[in-house]
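Structure, as structure tokens:
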Amino acid sequence: MHRATGLFSLVFGAALATGALAADARKGETLAKRWCAACHVVAADQQVGTTQSPAFSTIARKPDFTEAMLALFLLNPHPRMPDMNLSRSEAADLAAYINTQK
Ligand code: HEC
């Protein structure tokens, strides 16, 4: 029980901190092309990603998508994705960039 509460405040605190940063979508684009393009289609002019990974435009168009949630999500590596050790500001920049791919 206490663990769960602790985790909640940790996640909530991270959300607040992420929101406070001025995210930079152009930095996010550079990061995406360097770290994510091997698997994801990260830009409209990119031809191939891998078939298992959703395109960033698909991610951005999901009904429950928000930039803040995505920035949080990116702080933990997702299954089948290598741990990129993204900093909070890098995660926020990537989220801002993905948000432009709608
Ligand atoms: C080694 C391949 C690989 C790399 C590199 C990679 N991803 Fe992924 N990513 C995947 C796969 C595969 C999935 C689908 C996850 C699943 O179905 O388990 C995914 C899912 C996601 C999702 C969730 C989409 C959803 O449906 O909720 C996001 C967001 C995402 N990736 C962002 C990124 C970002 C940002 C980067 C670069 C920092 C990145 N990924 C790098 C393979 C990768």
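Because the structure is a prediction, the values reported are computed rather than measured. Count residues from 1 along the sequence. Order of appearance sets the numbers: ligands from 1, and atoms from 1 within every ligand. What you see below is based on every heavy atom in this structure, not just the backbone, and it leaves out hydrogens, waters and symmetry mates.
The contact set between ligand 1 and Phe73, taken as ligand atoms under 4.0 Å from a residue heavy atom, comprises 22 (C), 23 (C), 28 (C), 29 (C). Interface atoms of ligand 1 facing Cys39, defined by a heavy-atom separation under 4.0 Å, are 1 (C), 2 (C), 3 (C), 4 (C), 5 (C), 42 (C), 43 (C). With ligand atoms numbered from 1 in the order given, ligand 1 contributes 32 (C), 34 (C), 35 (C) to contacts under 4.0 Å with heavy atoms of Leu74. Near Leu94, the atoms of ligand 1 lying under 4.0 angstrom from a non-hydrogen atom of the residue are 38 (C). Atom numbering of ligand 1 starts at 1 in the shown order; those under 4.0 Å from a heavy atom of Leu70 are 29 (C).
Ring orientation note: the planes of Phe56 and His40 are tilted relative to one another, at an angle of 30° to 60°.
When distances to atom 8 (Fe) of ligand 1 are checked against a cut-off of 2.8 Å, His40 contributes an N, O or S atom below that limit.
At least one side-chain heavy atom of Arg34 sits less than 4.5 Å from a side-chain heavy atom of Thr30. Between Val41 and Pro54, the closest side-chain pair of non-hydrogen atoms is not below 4.5 Å. The side-chain heavy atoms of Arg61 and Phe65, taken from C-beta on, include no pair separated by under 4.5 Å.
Using 4.0 Å as the threshold, Ala38 has no heavy atom nearer than that to any atom of ligand 1.
Close N/O approach between Ser53 and ligand 1 is not found [any backbone or side-chain N/O within under 3.5 Å].
By the neighbour-count criterion of 12 heavy atoms within 6.0 Å, atom NZ of Lys102 is densely surrounded, having more than that number from other residues, nucleotides or ligands.
When all heavy atoms are compared, the tightest approach of Ala43 to Lys33 is CB-CE, 4.2 Å.
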